[in-house]
Protein chains: 2
Amino acid sequence: MSMLPPLGFVKVLSSRYHLVVNTSDVTATLERICTLLRNDARQRGLPHGLQPVQVEALLYLSRCNRYSDTPQAVADFLASTKGTVSQTLKVLERQGLLAKRPDLQDRRVVRLRLTAAGRELARKLAAPAVLEQVLVADATRAERLAAELKGLLGAMQEIGGHRTFGACHTCRFFTREDNGFRCGLTSEQLTPADSKLICREHETK
Amino acid sequence: MSMLPPLGFVKVLSSRYHLVVNTSDVTATLERICTLLRNDARQRGLPHGLQPVQVEALLYLSRCNRYSDTPQAVADFLASTKGTVSQTLKVLERQGLLAKRPDLQDRRVVRLRLTAAGRELARKLAAPAVLEQVLVADATRAERLAAELKGLLGAMQEIGGHRTFGACHTCRFFTREDNGFRCGLTSEQLTPADSKLICREHETK
DNA sequence: GATTGTAGTATCGACTCGATACTTAATGAG
DNA sequence: CTCATTAAGTATCGAGTCGATACTACAATC
């Protein structure tokens, strides 16, 4: 029976509270949360014949803007590959939740649009039963969590070299004009509804 | 284009800071973290021919105590079914990471033990590359996260009706004696090493 | 105009996971 | 003590995931 500590078991000494927190503790907790959350997603999707990944893709497409509705964007969001995503989208299309149409500017590109059924299902699936209950039960916890998790996600995305996929209006290219909003990257006008959507080209201010 | 809000989109008014936090914000963030984390686990396991679930199972078995090393316990931990877990364990056994032996008290039960190779691999996989870097970079964040996440996980487990799978020494059955520790449930003596392991029968104090 | 890069699809094989149908063994009620 | 019930585990099927590889079509660049 070897008693070697696991690799990467790092103790971090906090300068503020002089408490020793070890990272493998946070890791184990977070991984367990992920397991439970993924299972919740599975149970939510199951009655509708959807896998967890399909649920994620559906929800992404219901929230992304017109620059981000392509298979490659979905692949980036899911941190997966275009091959795998192509499979997933094929299933969603067969189930009538999704329609493909060619992009008129770039004919290599496929544009994805949820059907009415797809949007309706996304609306139903958006509520993760377990989390919802926990968060409503304790408002201050929800608040602190929102801040901490956003910070963590930002750091993870930066280190992993992933795109940020933030909401349009939080982007550094987002500008306000006299009669509305505008994207500094595409120079196109944006509606208030647009400004709340997720964008593939999002960059933190 | 319907503009109905997603079901379960709940705004929580914090009594402390008078800030409006919406739960779907937290949810979206957390689901994205999970996606990235799961992918990290996939990438970690891939060089060794392991799927994310196999990694989780391996890590669990490397950290659980002698009351918790059965297929059913693994299924509970993974919030999965015994059928699925049976498959997963069969693969791990074939890869020589795991050995099965019958339980002598209850002959329906199978006891699982990692082989030397299994323990060594668990040691290597315990470090989730992305998280490790983020947490080491900011100690106070790691500290706050540890607290928040444990709170969240506890609430999720309670609402979902899952076991807590906490460390032995944090259990309400754990007692200190003159010459060591003892489990109030099994009445058996516990070594200091035992007291740090995960237990299936764990209950919060 | 040839080369290079990007978006997407098709196919293969190992694995996941729910569902279902079993076997074996412990438990409990009469 | 026996029979019904319950629990632990396995086997099998089918739809789906996902990495790997090979491919097509189009755009961009030089």
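Residue numbers start from 1 in every chain, and the chains themselves are labelled A, B, ... in the order their sequence lines are given, proteins ahead of strands. When reading the values below, keep in mind they use all heavy atoms of this one structure, side chains included, and skip hydrogens, waters and symmetry mates.
Between A/Lys90 and D/dG16, a side-chain N or O to OP1/OP2 separation shorter than 4.0 Å is absent. Dashed line: the shortest gap from a side-chain N or O of B/Thr88 to OP1 or OP2 of C/dT16 is under 4.0 Å. For C/dC17, neither phosphate oxygen OP1 nor OP2 lies less than 4.0 angstrom from any side-chain nitrogen or oxygen of B/Thr84. Between B/Gln54 and the phosphate of C/dT16, there is a side-chain N or O to OP1/OP2 separation shorter than 4.0 Å.
Nearest heavy-atom pair, A/Ser68 versus A/Tyr60, reported as atom, atom and distance to 0.1 Å: O-OH, 2.9 Å.
Following rounding to the nearest Å, B/Gln51 (CD) and D/dA20 (C1') show an atom-to-atom distance of 14 Å. Distance A/Leu112 CG to C/dA7 C1': 12 Å, rounded to the nearest Å. As a whole-Å value, the separation of A/Asp106 CG from D/dT29 P is 12 Å. The separation between B/Arg94 atom CZ and D/dT10 atom P is 14 Å, rounded to whole Å. Here C/dC15 presents its P atom at 12 Å from CG of B/Leu97, a figure rounded to the nearest Å. Atom P of nucleotide C/dT9 and atom CG of A/Leu92 are separated by 12 Å, given to the nearest angstrom. What separates NZ of B/Lys82 from P of D/dT10 is a distance of 10 Å, to the nearest Å. If you measure from atom CZ of A/Arg42 to atom C1' of C/dA19, you get 14 Å, rounded to the nearest angstrom.
Salt bridge B/Glu188/B/Arg66: present, at least one basic N to carboxylate O contact under 4.0 Å. For B/Lys90 and B/Glu93, the salt-bridge test fails: no basic side-chain N is under 4.0 Å from an acidic carboxylate O. Using a 4.0 Å cut-off between charged nitrogen and carboxylate oxygen, B/Arg200 and B/Asp76 count as a salt-bridge pair.
For C/dT6, the base has a donor-acceptor partner in the side chain of A/Arg108 [N/O atoms by modelled type, under 3.5 angstrom].
Between B/Ser86 and B/Leu46, it is B/Ser86 whose nearest contact on DNA chain D lies nearer the 5' terminus. Nearer the 5' end of DNA chain D, as judged by each residue's closest nucleotide, is the contact made by A/Val53, out of A/Gln105 and A/Val53. Both B/Val91 and A/Pro71 sit near DNA chain C, but only A/Pro71 has its closest nucleotide nearer the 5' end. Place B/Ser80 and A/Lys100 on DNA chain C by their nearest nucleotides, and A/Lys100 ends up nearer the 5' end.
Ring orientation note: the planes of B/Phe165 and B/Phe77 are nearly perpendicular, at an angle over 60° on the 30°/60° scale.
Checking C/dA7, D/dA8, D/dG9 against every side-chain atom of B/Val110, the shortest atom distance belongs to D/dG9.
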